Amino acid sequence: MTAYLQHFTERFTTLGAHNLDLLADLYSEDVTFRDPLHHISGLAALRAYFAQLYANVAEVRYTFEGLDEPQPGLGYIRWSLHYRHPRLAAGKLISLQGCSHLRWRERVHFHQDYFDAGALLYEHIPLMGGAIRWLKGRLA
């Protein structure tokens with residue numbers, strides 16, 4: 001029942017700066033993409049987002065940990081993102097867990113990512129990172 005999601009994740013892991021044309025195989029022209037930091041409408045805007053993403057990181061890869069398709073055309077992917085950015089965490093590998101909610105017909109027309117934006121970005125910025133980690137510790 002998760003054949004679509006399996007195919008999607010296999011293709012998604014091959015994405016890189018050199019082959020962003022593969023996005024057209026995965027996403028519809030009218031795709032809506034959301035995450036805690038972005039709201040993107042349309043395949044051209046999504047391609048521009050991925051081009052900027054891959055241009056700014058030294059390494060990026062995903063590990064897919066679970067696929068769920070509760071009904072046809074609706075699914076969830078649990079994943080871990082591993083990336084290096086030269087200006088974050090002194091260029092060390094950063095890992096983050098998240099989940100994607102997808103809706104599709106022939107291709108994905110809705111993609112929403114859920115993750116901790118602080119763990120992705122803010123905790124790794126000098127000064128701000130220390131304050132966010134302190135605050136998280138106080139709230140735990």
Side-chain angles (χ1 to χ4, degrees):
M1 189 157 164
T2 60
Y4 184 90
L5 293 175
Q6 184 67 41
H7 172 75
F8 180 90
T9 57
E10 288 170 2
R11 296 289 299 211
F12 195 88
T13 59
T14 67
L15 279 175
H18 62 285
N19 64 353
L20 291 177
D21 56 311
L22 289 178
L23 289 170
D25 295 340
L26 298 172
Y27 294 97
S28 66
E29 285 291 328
D30 64 342
V31 63
T32 297
F33 176 90
R34 293 186 202 157
D35 69 21
L37 305 171
H38 305 92
H39 183 142
I40 298 167
S41 296
L43 184 58
L46 185 64
R47 188 177 291 118
Y49 165 74
F50 274 99
Q52 183 179 10
L53 169 75
Y54 287 114
N56 290 323
V57 294
E59 174 186 349
V60 62
R61 63 184 162 79
Y62 290 87
T63 305
F64 296 104
E65 296 151 358
L67 308 173
D68 300 301
E69 187 178 338
Q71 65 186 48
L74 171 71
Y76 300 90
I77 302 170
R78 291 180 312 283
W79 47 261
S80 291
L81 166 65
H82 313 280
Y83 74 103
R84 287 182 207 278
H85 191 289
R87 294 189 312 251
L88 297 176
K92 296 177 184 165
L93 188 67
I94 299 169
S95 296
L96 168 79
Q97 292 184 323
C99 178
S100 297
H101 169 206
L102 304 179
R103 290 187 221 152
W104 65 88
R105 289 177 283 274
E106 292 178 20
R107 292 174 289 166
V108 172
H109 61 88
F110 179 83
H111 181 151
Q112 179 148 5
D113 283 346
Y114 298 94
F115 57 82
D116 179 351
L120 173 76
L121 178 65
Y122 306 126
E123 289 179 18
H124 307 289
I125 297 173
L127 298 178
M128 182 185 278
I132 290 173
R133 287 188 298 276
W134 175 83
L135 183 58
K136 279 181 154 180
R138 300 276 300 164
L139 295 174

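Source: prediction; values computed, not measured.
In plain terms, the two heavy atoms of Gly75 and Pro70 that are nearest each other are CA-CD, 4.2 Å. Between Pro36 and Asp113, the closest heavy-atom pair is CD-O, 3.5 Å. Counting all heavy atoms, side chain and backbone alike, Ala24 lies closest to Arg107 at O-NH1, 3.0 Å. The minimum heavy-atom distance linking Leu46 with Val31 is given by the pair CD2-CG1, 4.1 Å. Contact detail for Glu69 and Gly73: the closest heavy-atom pair is OE2-N, 3.9 Å.
For Phe8 and Tyr27, the ring centers sit closer than 6.0 Å to each other.
Between atom OG1 of residue Thr63 and atom CZ of residue Arg61 there is a gap of 5.5 Å, rounded to the nearest 0.5 Å. Rounding to the nearest 0.5 Å places OG1 of Thr32 at 9.0 Å from NE2 of His109. Atom CZ of residue Phe110 and atom CZ of residue Arg105 lie 12.5 Å apart, to the nearest 0.5 angstrom. We find the OG-CZ distance between Ser41 and Arg34 to be 8.0 Å, quoted to the nearest 0.5 Å. Rounding to the nearest 0.5 Å places OG of Ser80 at 7.5 Å from CG of Leu96. Between Leu81 atom CG and Phe115 atom CZ the span is 8.5 Å, to the nearest 0.5 Å.
Residues Asp68 and Arg78 meet the side-chain proximity criterion, which asks for heavy atoms closer than 4.5 Å. Residues Leu26 and Val108 fail the side-chain proximity criterion, which asks for heavy atoms closer than 4.5 Å. Residues Tyr54 and Leu15 are in side-chain contact: their nearest non-hydrogen atoms beyond the backbone lie under 4.5 Å apart. By the 4.5 Å heavy-atom criterion applied to side chains, Tyr49 and Leu20 are not counted as neighbours.
Taking the side chain to side chain donor-acceptor pair (under 3.5 Å) definition, one finds that Glu29 meets it with nothing, sequence neighbours left out. A search for side chain to side chain donor-acceptor pair (under 3.5 Å) contacts involving Ser28 returns Asp30, not counting sequence neighbours.
Residue Gln52 qualifies as open at atom CD: its count of foreign heavy atoms under 6.0 Å is 12 or below. In this structure, Glu10 places its CD atom where more than 12 heavy-atom neighbours from other residues, nucleotides or ligands lie under 6.0 Å away.
Within the structure, side-chain hydrogen bond (donor to acceptor under 3.5 Å, both in side chains) pairs that include any residue of residues 11-21 comprise Arg11-Asp25 (at least two apart or interchain).
His101 pairs in a ring-ring contact (aromatic ring centres under 6.0 Å, His included) with only one of the listed residues (Trp79, Phe33, Tyr76), which is Tyr76.
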Please step through side chain to side chain contact (heavy atoms under 4.5 Å, CB included) for the pair Tyr4 and Leu67, ending with a clear verdict. CA-CA 10 Å; Tyr4 184 90; Leu67 308 173; over 6 Å; no
